[in-house]
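Given the structure is predicted, the values throughout are model-derived calculations rather than measurements. For ligands, and for the atoms within them, numbers begin at 1 and follow the listed sequence.
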Amino acid sequence: MKAVVFHEFGNAGVLRVEEHPDPSPGPGEVTVDVTASALNHLDVDVREGVSRFPIELPHTPGVEPVGRIATLGEGVEGWSVGDRVAVYLIATCGRCVYCRTGRESLCTAPDWFVGMGSPGAYAERVICKAAQLIRIPDGVTDVEAAASNIAFGTAWHMLITRARLRAGETVLVSSVGSGIGSAAVQVAKHAGAFVIGTSSRADKLEKATDLGLDVGIDYTTQDVVEEVLRHTDGEGVDVVYEHCGGELFQHGLDSLKKDGRLVVCGAHSGEVVDFDIIPFFRRQLSVIGSFVFDRNELATVFELIARGALKPQVAATFPLEEAAKAMELMESREFFGKIVLTAGGGA
Ligand SMILES: [Zn+2]
């Protein structure tokens, strides 16, 4: 099989397309012929060696494989060769207190993360546990499923599960042009919220408006906090959806109304921030951490996409062989939604 591999950490130039032996499934495992896999900013951190996950070299990145089951290991039941599936990114233990209580993203003893502890999705075939498989409903294409997996899974987990967003509330979404930003606009709208969003570009705000954004703020020319207050009668928003870090984290806190909650899942613009504690406790704010999502949340999201209630945003597709070019586009941030690699006739 073909696989995109790097032997040293660095920029997109370290990626090589190589021929590797097909993986063979052990007990409880399957292999999947990958037809589509989406790019994530996490892949850049993994490639650069700054992900804070242990990565052994050489390595194949990619955390969102979609395709068809190719081979079944011993003892796998309920699945057949050819089934169309997405792979949940964590091989959870199924036994710890978090797995048993519907919080499997917190599993204390995962076997691996796809694309981190095991070879990733930038390849023609991946191996995973049968327990990681999620069936893709009719009405969702392979490319759409790949583009939705982490974007909508994360947005759902952050807004619905962690921040407990309710109809009638107001939300501020950072960077609406990103994969998880464009997904959050749709999930928030679907939940009945009034949605305010930021971007550095007018065309991205316009596209997000088509997805349900009520108010767009260009953070390169407008003051985010001032604009949020202007559109909320000076009160601020109930929920801030934050995935950038850096100064946007403080802007998010300053945009909250009293008793508001900021939910955060990323920090690419700055991992360590100053934090003003006084207004935080006097205004009874909450900061809520959020880490990926659970399989049942992803199944919900797939159903909503199949029904047309949520719309995956595919910015571009590239053949697997052009993974370096695809990563360069992602790092340029000159796109809206998700970038997807295709292989084996996937489209
Ligand atoms: Zn577990």
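Residue Cys128 is tested with Val85, Asp111, Leu133 for a side-chain contact (heavy atoms from CB on, under 4.5 Å); the sole match is Leu133.
With hydrogens and angles disregarded, a donor-acceptor distance shorter than 3.5 Å links the side chain of Tyr241 to the backbone of Ile180.
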Take Thr71 and Thr31 through the test side-chain hydrogen bond (donor to acceptor under 3.5 Å, both in side chains) and record every step on the way to the result.
-> CA-CA 5 Å; Thr71 57; Thr31 63; 2.4 Å; yes
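Legend: protein N/O/S atoms lying under 2.8 Å from the Zn ion (ligand 1), waters omitted, number 4.
For Glu334, the salt bridge (charged side-chain N to carboxylate O under 4.0 Å, His left out) partners at least two apart in sequence or on another chain are Arg201. With sequence neighbours excluded, the residues forming a salt bridge (charged side-chain N to carboxylate O under 4.0 Å, His left out) with Glu321 are Lys2, listed by chain and number. Contacts of His59 classified as ring-ring contact (aromatic ring centres under 6.0 Å, His included), with partners at least two apart in sequence or in another chain: Phe6.
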